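Hydrogens, waters and symmetry mates are skipped; everything else that's a heavy atom, side chains included, is used. Because the structure is a prediction, the values reported are computed rather than measured. Chain A is the first sequence line, chain B the second, and so forth, proteins listed ahead of strands; every chain is numbered from 1.
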Amino acid sequence: MALRFYNSIKRAKEDFHPIETGKVGLYTCGPTVYDTAHIGNFRTFMFEDLLKRWLLHLGFAVNHVMNITDVDDKTIKKAQAQGTSLLKITSKYTDLFMDDLNWLKMTPATSYPKATNSIPKIIEMIEILLDKKFAYREDDGSVYFNIKSFPEYGKLTNINLESQKSGSRIVSDEYDKDSPQDFALWKGWKKEDGEVYWDAPWGNGRPGWHIECSAMSIEALGNHFDIHCGGVDNMFPHHENEIAQSQCATDKPFVNVWLHSEFLMVDGGKMSKSLGNFYCVSDLKKIGFSPECIRYQLLSGHYRTKISFSIDKKHEGDKVVRRISNFQSRLNKRNALEFADGLLPESYQKFKKQMNDDLNTPKALAVFFSWMKAVNIKLDQNSITEIELGKAWEFLTVFDSIFGLIQNSIAEIPAEVALLLNKRNKARLENKWNESDNIRDMLKDMGWIVSDTSSGQHIKKTN
RNA sequence: GGCGUCGUACCCAAGUGGUUUAAGGGGCCGGUUUGCAAAACCGUUAUUCGCCGGUUCGAAUCCGGCCGACGCCUCCA
């Protein structure tokens, strides 16, 4: 089955054809680094990572660009509140973001351009828009995009401007605009901005809310590229505005495929900073979540449906991760790797079909689990052939290169714990069950759970 | 007010007209294994898809109505 995606702007699934054969230009809206990202933010980044991993698996050369928005109202406000520089704030939260990405086993983007490094391109684009009369200047040095000049405005989100309710934003807006829905390309310098400004032909100031994504994506991927991703909340106005300013500036179609991931819900509502109902990676780490467990929770629902995140589901993810990891060690014990020669089992074709169908991860996982069960039965019955072992190893390897659920990091075991384990092992060999059980209790009090498996003692940290 | 999504077992979650007399995961229960415990492995678990009506030879899947949940329209993944 051909690779298909649900293209938001078409509101339908369509076959994917890259502009340049074998290559994909992928732009994913990155974080605004004013605070720690929460797990809802990472749902989107995880989806984008999955998309990239799948494209890579299919053999595409992917140029993945994720921007870092390091100047806007919030970053400036935060820097002022903390009495520090914008750079200090943004580099702190950029570092934290990268640490979290890494911990969650996300594969790095090809590049992470920063808004503050793209000012020349931003200015260049605004100048073009001014020249072409798509934009206009105001007395305070700001520049606005005139949305009435772009007939296609609203195409992505099916928005009819006349029917929109006048929101509070318009009332409270401190800038002058011809039409309330026009958006800022450039915000003229104000006292509150302090040191934060750049020179532009029409006056000092800083980029508006959306232009940086257009500038960075076009700079890195060209005027017209394949895929642009983000969360559904970015559709309006962010992506709508990107389309308007980009197409008016370049006279080219901007993006072929728009992919939007749904929200992560918590307690029946969307997880968000403003509602205060969010978990950060560090919160989850503290209560014992592994990256694999989080990956499972975020990837086990389809990216276009709302999924609920819950602490109660930790057990579910843990168990799945354990089963798959255990499956790997079962295969390992049979030296499956030695028989692997690139052949894949039939189930892989089903798996591929599901992934190709708009990244249907729930179905792909179902295919994988059914297959794993069948192989487990053969392993139990000792009726598996060497060819099958090799194929199993290959499929498991492919599977994990996409989902990243196998836990191979063995926790650091403190010396005192290792000592007790040794002691217990000795006792067991001498059938001293009382001593063995006592040591197990001691370890439990210290926060370690020991299990006796056919391959010896297995130790795991409790939460 | 405008635009849009969803309602499937105890929980999560696929399936959008017949190959589904509804995937997969968790939980529960049962079995295998085991010094014990845990883990692992296997099996069982919805005649039914929010409610009502309609279309059809045939509907969870299409249409209409009702009820309920959620999202966007304002910075937000």
Side-chain angles (χ1 to χ4, degrees), chain A residues 11 28-32 34-35 37-48 69 72-74 77 154 157-173 181 209 229-238 240 260-265 268-275 278 296-297 300-302 304-310 312-320 322-323 325-327 329-330 354 360-373 375-377 379-381 428 431-434 436-437 440-441 444 449-455 457-458 460:
Chain A
R11 279 171 271 278
T28 63
C29 279
T32 300
Y34 72 103
D35 202 352
H38 61 65
I39 197 67
N41 303 130
F42 284 112
R43 183 201 181 174
T44 295
F45 302 133
M46 184 88 69
F47 146 67
E48 292 157 350
T69 296
D72 81 318
D73 293 356
K74 280 194 250 186
K77 210 172 147 191
T157 46
N158 193 22
I159 272 174
N160 177 330
L161 293 167
E162 270 68 53
S163 64
Q164 293 307 298
K165 203 181 186 177
S166 295
S168 53
R169 170 182 156 199
I170 290 143
V171 179
S172 65
D173 205 292
Q181 282 144 332
W209 297 293
C229 301
V232 282
D233 53 342
N234 275 159
M235 290 175 82
F236 191 90
H238 188 58
E240 201 73 75
H260 292 97
S261 62
E262 255 297 348
F263 283 127
L264 186 67
M265 314 291 280
K270 115 187 204 195
M271 185 182 286
S272 79
K273 286 270 164 170
S274 47
L275 297 171
F278 58 88
Y296 178 75
Q297 266 210 50
S300 60
H302 186 84
R304 281 190 291 111
T305 71
K306 298 178 181 77
I307 56 170
S308 303
F309 188 84
S310 123
D312 296 340
K313 283 203 297 204
K314 176 176 176 294
H315 172 84
E316 184 172 342
D318 281 342
K319 173 133 189 189
V320 165
R322 216 161 46 220
R323 279 184 60 205
S325 305
N326 196 266
F327 179 64
S329 52
R330 287 192 93 182
Q354 297 307 333
N360 194 334
T361 53
K363 267 201 153 181
L365 283 168
V367 168
F368 176 79
F369 283 125
S370 301
W371 168 81
M372 187 172 85
K373 183 172 287 184
V375 175
N376 265 324
I377 290 172
L379 287 167
D380 279 351
Q381 294 172 341
R428 286 171 52 75
N431 291 344
K432 291 178 181 167
W433 308 124
N434 276 341
S436 160
D437 291 350
R440 185 164 61 195
D441 289 343
K444 195 179 174 189
I449 289 176
V450 188
S451 325
D452 298 308
T453 70
S454 52
S455 57
Q457 298 182 102
H458 181 82
K460 196 188 133 199

Problem set entry | Separation between the C1' atoms of B:A59 and B:G43, rounded to whole Å | 32 Å
Exercise. In whole Å, what separates the P atom of B:C70 from that of B:G17?
Worked result: 30 Å
For this session: Report which part of the nucleic acid A:Ser370 touches: base, sugar-phosphate, or nothing (heavy-atom distance under 4.0 Å, all strands).
Result: sugar-phosphate
Exercise. Taking only residues two or more places apart in sequence or in another chain, which ones pass ring pair (Phe, Tyr, Trp, His ring centres under 6.0 Å) with A:Phe236?
Worked result: none
For this session: Using a 4.5 Å cut-off on heavy atoms from C-beta on, say whether the side chain of A:Phe263 contacts that of A:Met271.
Result: no
Seminar exercise, completed: For nucleotides 11-21 of chain B, 5' to 3', base contacts (B), sugar-phosphate-only contacts (S) and non-contacts (-) with protein non-hydrogen atoms under 4.0 Å give -SSSS------
Problem set entry | Closest approach of A:Arg440 to A:Val450 (non-hydrogen atoms, all atoms of both residues) | CD-O, 3.9 Å
Exercise. Can you tell which of B:G35, B:A38, B:G43 lies closest to the side chain of A:Lys373?
Worked result: B:G43
Exercise. Over how many whole Å does the gap from A:Asp452 atom CG to B:G35 atom P extend?
Worked result: 9 Å
Exercise. Within this structure, what is the CG-to-P distance between A:Asp441 and B:A38, rounded to whole angstrom?
Worked result: 13 Å
Exercise. Reckon A:Leu264 touches a base, only the sugar-phosphate, or nothing at all at heavy-atom distances under 4.0 Å?
Worked result: base
Problem set entry | Base B:C76 to side chain A:Lys74, donor-acceptor N/O within 3.5 Å cut-off | no
Exercise. What's the closest nucleotide to the A:Phe369 side chain, out of B:C76, B:G25, B:A23?
Worked result: B:G25
Problem set entry | Quiz item: A:Arg428 side-chain donor-acceptor pair to B:G35 base, under 3.5 Å | yes
For this session: Select base, sugar-phosphate, or nothing to describe what A:Met265 touches, counting heavy atoms under 4.0 Å on all strands.
Result: sugar-phosphate
Exercise. Which part of the nucleic acid, if any, lies within contact of A:Phe236, taking any heavy atom under 4.0 Å across all strands shown: a base, the sugar-phosphate backbone alone, or nothing?
Worked result: sugar-phosphate
Problem set entry | CG (A:Asn431) with more than 12 external heavy atoms under 6.0 Å | yes
Exercise. What's the shortest heavy-atom distance between A:Arg11 and A:Thr157, and which atoms?
Worked result: NH1-C, 4.3 Å
Problem set entry | C1'-based separation of B:G2 from B:U47 [nearest Å] | 43 Å
Exercise. How many Å lie between CG on A:Asp437 and P on B:U34, as a whole number?
Worked result: 18 Å
Problem set entry | First encountered from the 5' end of RNA chain B, between A:Asn158 and A:Val320 | A:Asn158
Exercise. Does a side-chain N or O from A:Arg440 land closer than 4.0 Å to OP1 or OP2 of B:C36, or not?
Worked result: no
For this session: Using the P atom on both, measure B:U21 against B:C49 and round to a whole Å.
Result: 14 Å
For this session: Fill in the dot-bracket string of RNA chain B, one character per base: . for unpaired, | for a pair to another strand, ( ) or [ ] for pairs within the strand, taking Watson-Crick or G-U pairs under 3.5 Å.
Result: ((((((((.[[[..)..(.....]]](.((((.......)))).)....[[[[[..)....]]]]])))))))....
Problem set entry | Any donor-acceptor N/O pair under 3.5 Å between B:G35 base and A:Ser436 side chain | yes
For this session: Give one of base, sugar-phosphate or nothing for A:Val450, where a contact means two heavy atoms less than 4.0 Å apart.
Result: base
Exercise. If we take the C1' atom in both B:G18 and B:G65, what is their distance in whole Å?
Worked result: 28 Å
Exercise. How far does OH of A:Tyr296 sit from CG of A:Leu365, to the nearest 0.5 angstrom?
Worked result: 6.0 Å
For this session: Name the residue closer to the 5' end of RNA chain B, choosing between A:Asp72 and A:Leu365 according to the nucleotide with the nearest heavy atom.
Result: A:Leu365
Exercise. Taking only residues two or more places apart in sequence, or in another chain, which ones meet A:Phe327 in a ring pair (Phe, Tyr, Trp, His ring centres under 6.0 Å)?
Worked result: A:Trp371
Exercise. Distance between the P atoms of B:C29 and B:C66, in whole angstroms?
Worked result: 45 Å
Exercise. Considering residues at least two apart in sequence or located in another chain, which fulfil the salt bridge (charged side-chain N to carboxylate O under 4.0 Å, His left out) criterion with A:Arg322?
Worked result: none
For this session: For B:A77, take OP1 and OP2 only and decide whether either is under 4.0 Å from a side-chain N or O of A:His38.
Result: no
For this session: Can you tell me the distance, in whole Å, between the NZ atom of A:Lys319 and the P atom of B:A39?
Result: 7 Å
Problem set entry | Chi angles and distances behind the salt bridge (Lys or Arg N to Asp or Glu O under 4.0 Å) call for A:Asp318, A:Lys314 | CA-CA 6 Å; A:Asp318 281 342; A:Lys314 176 176 176 294; 2.8 Å; yes
Problem set entry | Exercise: identify the closest heavy-atom pair between A:His260 and A:Val232 | CB-CG1, 4.0 Å
Exercise. Expressed as a whole number of Å, how far does the C1' atom of B:G30 sit from that of B:G15?
Worked result: 29 Å
For this session: Could you check whether A:Asn376 gets within reach of a base, just the sugar-phosphate, or nothing at all, counting any heavy atom under 4.0 Å?
Result: sugar-phosphate
Exercise. Expressed in angstrom and rounded to an integer, what is the separation of A:Gln381 atom CD from B:U32 atom P?
Worked result: 16 Å
For this session: Decide, applying a 5.5 Å centre-distance limit and a 30° plane-angle limit (both strict), whether A:Trp433 stacks on B:G35.
Result: yes
Exercise. Just to confirm, is there a sub-4.0 Å distance from OP1 or OP2 of B:G35 to any side-chain nitrogen or oxygen of A:Lys432?
Worked result: no
Problem set entry | Student check: side-chain heavy atoms of A:Arg330 and A:Asn326 closer than 4.5 Å | yes
Problem set entry | P gap between B:G50 and B:C12, integer Å | 14 Å
Exercise. Would you say A:Arg322 reaches B:A40's phosphate, i.e. side-chain N/O to OP1/OP2 under 4.0 Å?
Worked result: yes
For this session: Would you indicate what A:Gly40 reaches in the nucleic acid, counting non-hydrogen atoms under 4.0 angstrom: base, sugar-phosphate, or nothing?
Result: base
For this session: Go through the structure and list residues passing ring pair (Phe, Tyr, Trp, His ring centres under 6.0 Å) with A:His238, not counting sequence neighbours.
Result: A:His210
For this session: Select base, sugar-phosphate, or nothing to describe what A:Tyr296 touches, counting heavy atoms under 4.0 Å on all strands.
Result: sugar-phosphate
